[in-house]
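Being a predicted model, the structure only gives us computed values, none of them experimental.
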Amino acid sequence: MVWKAVTKYAHERDDMKRLAILAIAATLFASTAAIAFADDTDVEADSSETQELNDTQLLKAQLLADYLVGDDAEEGAAETAVEELVLLRTEEPVVGWGAMFKLLQLAKAYDIPLADLLAEYDEDDGWGFGKKFKDLGDEENDRLEGTAKNLGQLKKQQREPKTNNGNKP
């Protein structure tokens with residue numbers, strides 16, 4: 001008699017588990033079905049979306065502009081470079097910060113203005129940074145000697161050194 005009660009309880013518990021799993025699956029399907037079947041052509045841009053950069057992105061643009069123009073640049077060159085970088089970041093096609101850094105490296109290597117370098121690119125072919133860097137000659141590689149290889153390294157180079165050598169105060 002006890003065995004019969006135990007097996008009945010076990011079967012009821014298994015049925016409850018199955019029902020719970022089915023309920024979870026149905027809920028997940030219902031919550032994601034609307035997203036999966038949505039037609040993105042009906043979505044319009046939100047009026048609150050802006051084409052402006054926030055403070056952090058402006059600081060990145062300033063850092064990259066300083067990298068591009070160098071220390072011995074003419075007055076106003078950094079401001080012009082910042083404006084150029086902001087346009088690259090906000091207008092279509094939007095250029096990411098990593099790609100922007102690679103463009104600046106190539107402009108530096110070829111010793112040409114960024115606008116001239118951008119004019120050489122065909123939008124349909126993509127950026128092709130690997131091929132561009134591979135095609136650099138000795139003279140161009142010498143211009144990049146000792147410079148940062150990516151945006152992370154550049155930011156690390158610009159950081160102020162720790163004064164306490166990593167020791168807790």
ask   = So which heavy atom on V69 is nearest to which on A81, and how close?
value = CG1-CB, 4.0 Å
key: W97 side chain reached by L64 side chain, heavy atoms, under 4.5 Å   = yes
message = Just so I know, are the side chains of T147 and L154 near enough to count as touching, which here means a heavy-atom distance under 4.5 Å?
response = no
message = If I take atom CG from residue L63 and atom CD from residue Q57, how far apart are they, to the nearest 0.5 angstrom?
response = 13.5 Å
Interatomic distance, L103 atom CG to K132 atom NZ [nearest 0.5 angstrom] = 10.0 Å
Rounded distance [0.5 Å steps], CG in L104 versus CG in L151 = 9.5 Å
ask   = Atom CD of E140 and atom CG of D111: how far apart are they, to the nearest 0.5 Å?
value = 9.5 Å
request  = Please answer whether the main-chain N or O of V95 pairs with a side-chain N or O of R89 as donor and acceptor at a distance below 3.5 Å.
outcome  = yes
ask   = Less than 4.5 Å apart, any side-chain heavy atom of F129 and any of Q105?
value = no
ask   = Between A65 and V82, which heavy-atom pair has the shortest distance, and what is it?
value = CB-CG2, 3.5 Å
query = What do the steps show when you test L136 against Y110 for side chain to side chain contact (heavy atoms under 4.5 Å, CB included), and what is the final call?
reply = CA-CA 8 Å; L136 290 177; Y110 289 118; 3.4 Å; yes
key: Within 6.0 angstrom of D55 CG, more than 12 heavy atoms from elsewhere   = no
key: Distance under 6.0 Å and angle within 45° of ring axis: K149 vs F101   = no
Polar contact flag, side-chain donor to acceptor under 3.5 angstrom, D66-Q62 = yes
key: Inter-residue atom distance Y67.OH - Q157.CD, 0.5 Å rounding   = 8.5 Å
key: Transitive ILVMFWY side-chain link I112 to L106, under 4.5 Å   = yes
Identified side-chain contact (heavy atoms from CB on, under 4.5 Å) partner of T56 from the options N54, L59, L53 = N54
inquiry  = Please check: side-chain N/O of K155 versus main-chain N/O of K60, any donor-acceptor pairing under 3.5 Å?
reply    = no
message = Between L88 and L118, is there a side-chain heavy-atom distance shorter than 4.5 Å?
response = yes
